Amino acid sequence: MPELPEVETTLRGITPHISGKQITDIVVRQQKLRWPVPRNLRQLLKNQIIHSIKRRGKYLLFETPAGHVIIHLGMSGSLRIVASHLDPQKHDHVDFVFNKKILRFHDPRRFGSVLWTRKDPLQHKLLQKLGPEPLSKTFHGEYLHTLATAKKVNIKNFIMNSHVVVGVGNIYASESLFLSGIHPQRAAGRVSLSRYEVLANNIQKVLSAAIELGGTSLRDFVKEDGKPGYFANRLNVYNKKGEPCPICKTPIQVRVLGQRSSFFCSHCQH
DNA sequence: ACAGTAACCTGTTTGC
DNA sequence: TGCAAACAGGTTACTG
């Protein structure tokens, strides 16, 4: 998906277009996403004003006086701001219609979701157990080291677990482990505190740099204006099987961990 | 509680 | 060229 930098890029892109604006209509063309779109979404949201847009992990939260919309982009989702007259294309599942523009949810694989809650969205079942934001002060090496105690799970899947830390998906997990010199298959409980400090720092650096460049576009992701992000140019190992390691020139290897391809340098990472 | 696996979908790429 | 299998940036639910 859209990992944290792509969701943050989307948030920054759509906010000026929809913050403080009134929703004049909702169009749901496909209700079957990862979870069903609420049947009464149109009734719930029509004429509501979006007071704020926030991000928690990879979830986007639209605050209205009546409640919150919770959006997740899944693997292939995107949100675009389009002109009112633009006809919907295939996989354009939900429109948030405003006076002059439409916010359009597009998701070929339909792993994304559009949900609704009247309560505090942070207490929603899908959000309440999320780990810390990686770019906040509560996320640091000591936190990871303590949580990893005695854990046998490999460190890559450990840092991709949203209950450990939010926002780190398959691309940025591989990239931050490479920068930290840590082998992705190493048991999480067998990484020293000092190495976790390096890793936490590198996760923050990679995510921040990716946000600066508008995220990584490999296939599906586009920004709110339909244009790609440019962090793909900065990747060291992700999607680079067989290419020379930028540090030592050893060919980059790929191995499937927890059903996800993991890219690493067997010489630089231990 | 934990680890490992299957599942939700469609589109594109890879391999025979 | 054609067809089937493998694979794709996420996450939950289920199994043992």
Side-chain angles (χ1 to χ4, degrees), chain A residues 1-10 29-37 55-60 70-79 89-94 105-115 124-131 134 147-177 184-190 203 206-207 210-211 213-223 228-242 254-263:
Chain A
M1 132 168 174
E3 303 183 34
L4 187 146
E6 292 73 36
V7 179
E8 179 68 22
T9 295
T10 299
R29 299 184 194 82
Q30 172 58 272
Q31 194 211 354
K32 290 164 90 174
L33 302 181
R34 179 68 169 84
W35 286 280
V37 178
R55 179 185 62 72
R56 174 71 176 106
K58 298 174 188 171
Y59 292 91
L60 289 170
I70 302 174
I71 295 182
H72 197 291
L73 300 178
M75 292 271 258
S76 57
S78 60
L79 285 168
Q89 306 292 305
K90 197 174 183 185
H91 307 305
D92 284 344
H93 304 313
V94 181
F105 178 82
H106 174 90
D107 186 9
R109 287 177 72 184
R110 288 197 261 139
F111 285 177
S113 50
V114 177
L115 300 170
H124 188 278
K125 187 185 167 198
L126 294 172
L127 282 80
Q128 65 178 353
K129 289 185 178 171
L130 293 179
L147 194 61
T149 304
K151 289 243 182 355
K152 291 174 188 166
V153 64
N154 67 70
I155 188 158
K156 175 160 177 279
N157 289 129
F158 179 68
I159 61 172
M160 285 177 66
N161 181 346
S162 64
H163 296 350
V164 173
V165 58
V166 297
V168 182
N170 207 29
I171 296 177
Y172 300 111
S174 279
E175 292 296 313
S176 48
L177 288 169
Q185 275 186 300
R186 172 169 286 274
R190 301 201 52 186
I203 287 173
V206 168
L207 295 180
I211 291 169
L213 290 179
T216 303
S217 295
L218 293 180
R219 41 177 67 211
D220 297 303
F221 177 71
V222 290
K223 298 192 292 176
Y230 294 108
F231 194 74
N233 301 324
R234 303 291 182 88
L235 298 175
N236 286 300
V237 292
Y238 186 83
N239 226 3
K240 306 222 178 258
K241 179 186 177 186
V254 60
R255 202 167 292 176
V256 176
L257 303 179
Q259 302 169 278
R260 315 312 294 274
S261 295
S262 309
F263 299 84

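Numbered from 1 within each chain, the chains take letters A, B, ... in sequence-line order. Model, not experiment: these values are computed from the prediction.
Phosphate proximity of B/dG11 to A/S76: absent, as no side-chain N or O sits under 4.0 Å from OP1 or OP2. Within the structure, a side-chain polar atom (N or O) of A/K125 is placed less than 4.0 Å from OP1 or OP2 of C/dA13. OP1 or OP2 of B/dG11 sits under 4.0 Å from a side-chain N or O of A/H91. Residue A/K58 has a polar side-chain atom (N or O) positioned under 4.0 Å from OP1 or OP2 of C/dT11. The side chain of A/R110 contributes an N or O atom lying less than 4.0 Å from OP1 or OP2 of B/dT10.
No contact: A/K129 has no heavy atom under 4.0 Å from any strand. Among the heavy atoms of the strands lying under 4.0 Å from A/T216 is at least one base atom, whether or not backbone atoms are also near. When heavy atoms are screened at a 4.0 angstrom cut-off, A/D220 is found touching base atoms of the nucleic acid. Across all strands shown, A/K32 has no heavy atoms under 4.0 Å from either base or sugar-phosphate atoms.
Side chain A/R109 to base B/dG11: no donor-acceptor pair is found below 3.5 Å.
Here the P atom of nucleotide C/dT12 and the CE atom of A/M75 are 14 Å apart, to the nearest Å. Between the C1' atom of B/dG11 and the NE2 atom of A/H93 lies a distance of 12 Å, rounded to the nearest Å. B/dG4 atom P lies 11 Å from atom CD of A/Q185, rounded to whole Å. Counting to the nearest Å, the P atom of B/dT10 and the CG atom of A/D92 are 15 Å from each other. Rounded to whole Å, the distance from CG on A/N239 to P on B/dT13 is 12 Å. Distance CZ (A/F221) to P (C/dG10): 13 Å, rounded to an integer number of Å. Atom-to-atom, CG of A/N154 to P of B/dT5 comes out at 12 Å; the value is rounded to the nearest Å. Between the CG atom of A/L126 and the C1' atom of B/dC8 there is a distance of 14 Å, given to the nearest Å.
Spacing of P atoms, C/dT11 relative to B/dT12, comes out at 23 Å, to the nearest Å.
Listed by chain and residue number, A/Y172 satisfy the side chain to side chain donor-acceptor pair (under 3.5 Å) test with A/T216 (two or more places apart in sequence, or in another chain).
In this structure, A/F111 packs face-to-face on the six-membered ring of B/dC8, meeting both the 5.5 Å centre cutoff and the 30° plane limit.
Helical stems involving DNA chain B, defined as 3 or more consecutive Watson-Crick or G-U pairs under 3.5 Å, span B:2-8 with C:10-16, B:10-16 with C:2-8.
More than 12 heavy atoms of other residues, nucleotides or ligands lie within 6.0 Å of CZ in A/R29, so this atom counts as buried by the packing criterion.
Ring planes of A/H93 and A/F105: tilted class, angle from 30 to 60°.
Listed nucleotides C/dT12, B/dG11, C/dG10 differ in distance to A/P108; the shortest reach to its side chain belongs to B/dG11.
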